[in-house]
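Written below as structure tokens is the structure these notes are about.
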2 protein chains.
Amino acid sequence: MLAVERKPTSNNIRDLLKRNALRSTPQRVLLLSLIQSSGKHLDADQLYELARRRDDKIGRATVYRNLKRLVAAGVLRQRFFEEPPIRSYYEMATPAEHYHFTCLRCGKIIEFACPEIEEVGQRLYHIHGIVVSHSNVTLSGYCATCLREIEKGVEDQVGEKVISLAKLSPGQSGVIVYVGGEGRLRRRFMEMGLIKGEKITVERLAPLGDPVEFLVKGYHLSLRQNEATLIQVELSTL
Amino acid sequence: MLAVERKPTSNNIRDLLKRNALRSTPQRVLLLSLIQSSGKHLDADQLYELARRRDDKIGRATVYRNLKRLVAAGVLRQRFFEEPPIRSYYEMATPAEHYHFTCLRCGKIIEFACPEIEEVGQRLYHIHGIVVSHSNVTLSGYCATCLREIEKGVEDQVGEKVISLAKLSPGQSGVIVYVGGEGRLRRRFMEMGLIKGEKITVERLAPLGDPVEFLVKGYHLSLRQNEATLIQVELSTL
DNA sequence: TTAAGTGCAAAAGATTTGCAGATCG
DNA sequence: CGATCTGCAAATCTTTTGCACTTAA
């Protein structure tokens with residue numbers, strides 16, 4: 001039988017600290033193990049509370065100081081999500097750069113890669129002589145689950161069959177019963193005349209269902225499928 | 001002679017408020033005119049201080065409350081830059097989406113468009129069923145001016161002719177005297193062996209000077225030109 | 001042994017809230 | 001006039017700092 005590593009995580013963390021020329025104290029090991037094992041994005045206060053359960057002597061200042069130092073050393077990464085409460089959250093610094101989507105309704109966080117951002121850096125360099133060394137991309141909107149629930153919720157309120165504009169087939173008509181989205185996107189919907197009570201007819205879908213072309217108030221308009229998902233329509237039966 | 005508008009800005013702002021179903025109070029008009037005319041990104045406290053110069057009775061709470069309400073109404077946009085001090089800054093909500101680059105050295109902010117982000121939204125929709133309604137892209141690094149000054153600064157310290165790796169010609173060699181960049185990028189430089197004192201030879205440049213291919217410790221490596229800008233080299237005279 | 005890290009308490013910031021009085025529409 | 005907004009002060013909440021004590025290397 002092979003030697004079993006008793007505290008693999010703890011040892012790995014001690015190594016990680018040493019590699020980064022940081023003293024390995026029980027408090028640091030504890031913090032890192034909490035972050036590493038949680039898999040979630042935790043803020044300083046949540047980490048303090050979690051840490052206290054394992055070490056009731058640990059001080060807030062220690063948590064804050066260490067988070068700061070670990071970020072400075074590149075062991076941790078500090079992230080900012082703009083949805084209230086606006087705080088910073090911490091995650092292990094992984095070699096592969098990734099960014100975050102947060103659901104405005106349930107708060108779920110989904111990580112994704114965004115290689116396109118490299119091109120933006122290149123463009124900025126060529127245009128402005130700027131060198132980009134840090135990038136942050138944070139998107140927000142609605143996750144698939146919440147979209148379904150929004151649809152359901154609108155349906156319950158209206159008392160009729162409600163479906164998202166993205167799911168209508170060409171030729172189908174309906175009345176807009178709910179316009180989702182936030183800020184800019186919502187404004188754009190308004191400017192396009194996508195307002196509650198308006199009649200809407202889908203004209204055609206591009207190959208992948210993207211974009212969706214439709215008719216509102218006599219205007220031929222089109223939306224990307226993901227945008228169309230935010231418009232809830234009550235189907236008209238001919 | 002045409003009637004001269006005496007307070008065009010003020011009237012426009014009152015209109016803007018009315019259009020958004022917000023009462024137009026002197027405090028709101030003042031805040032918006034400060035933001036509109038400054039052209040900079042100001043945080044709540046800076047706005048409070050500026051506002052006090054024109055209305056010494058205005059209260060902090062009024063500033064905070066109004067910023068919040070104006071953001072909620074879509075009149076203002078709240079931005080977050082991750083370089084300390086970490087605060088939120090306010091700007092007028094413009095119809096065209098744009099993002100920000102901040103210089104880590106001088107704090108300058110450069111705005112840019114990033115149409116690529118639309119594609120990311122599409123991808124997330126197709127992969128995860130997510131609908132993106134807000135996006136935030138914040139980049140940071142060094143502006144052209146600061147890059148020149150860094151180069152100059154290193155030169156003064158080293159006392160020799162210093163040039164950025166991006167500016168070397170094929171065949172030229174030198175010794176690395178300074179490695180810039182932050183966090184991830186800096187680590188990547190280290191992993192590549194781009195360390196102070198190391199000898200480096202440029203092998204060739206791609207058509208646009210991008211990427212730069214070079215030789216360090218016998219390894220053939222390449223960097224994008226913007227990345228290469230962060231490495232300062234002291235030229236070896238043959 | 002000693003530089004660095006820790007806990008505690010106090011300080012410093014940033015933002016919010018309760019409330020009486022003022023103001024917009 | 002009534003709902004909304006304002007100014008003020010106090011309250012909250014997050015983060016930092018000073019200092020005496022402890023600990024990792």
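No experiment lies behind these values; they were computed from the predicted model shown. What's counted below: heavy atoms across the whole structure, side chains too, no hydrogens, waters or symmetry copies. In what follows, chains carry the letters A, B, and so on, assigned in the order in which the sequence lines appear, proteins first and then strands, with residues in each chain numbered from 1.
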Nearest to the side chain of R69(A) - dG5(C), dG7(D), dT15(D)?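 Nearest to the side chain of R69(A) among the choices is dG5(C).
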
Spacing between [X] atom [atom1] and [N] atom [atom2], to the nearest angstrom:
X: N20(A); N: dA24(D); atom1: CG; atom2: P; value: 19 Å
X: I58(B); N: dA9(D); atom1: CD1; atom2: C1'; value: 17 Å
X: L67(B); N: dT15(C); atom1: CG; atom2: P; value: 10 Å
X: L70(B); N: dT6(D); atom1: CG; atom2: C1'; value: 15 Å
X: Q46(B); N: dA14(C); atom1: CD; atom2: C1'; value: 13 Å
X: R65(B); N: dG7(D); atom1: CZ; atom2: P; value: 8 Å
X: L22(A); N: dG5(C); atom1: CG; atom2: P; value: 7 Å
X: Y48(B); N: dT16(C); atom1: OH; atom2: C1'; value: 15 Å

Taking only N and O in the side chain of [X], is any of them less than 4.0 Å away from OP1 or OP2 of [N]?
X: R14(B); N: dC24(C); result: no
X: Q27(A); N: dT23(D); result: no
X: T25(A); N: dT23(D); result: no
X: K68(B); N: dT15(C); result: no

Could you tell me whether [X] contacts a base, only the sugar-phosphate backbone, or nothing, with contacts defined as non-hydrogen atoms closer than 4.0 Å?
X: R28(B); result: sugar-phosphate
X: N66(A); result: sugar-phosphate
X: D43(A); result: nothing

In terms of the nearest nucleotide of DNA chain D, which residue is placed more toward the 5' end: R23(B) or V63(B)? R23(B)

Select from Y64(A) and R60(B) the residue whose nearest nucleotide in DNA chain D is closer to the 5' end of that strand. R60(B)

Y89(B) ring center within less than 6.0 Å of F81(B) ring center: yes

Short side-chain donor-acceptor distance under 3.5 Å, [Y] and [X]:
X: S164(B); Y: Q232(B); result: no
X: H41(B); Y: Q46(B); result: no
X: Y48(B); Y: T62(B); result: no

Quick one: on DNA chain C, does S24(B) or A44(B) contact a more 5' nucleotide (nearest heavy atom)? A44(B)

salt_bridge(R77(B), E97(B)) N-O dist < 4.0 Å: yes

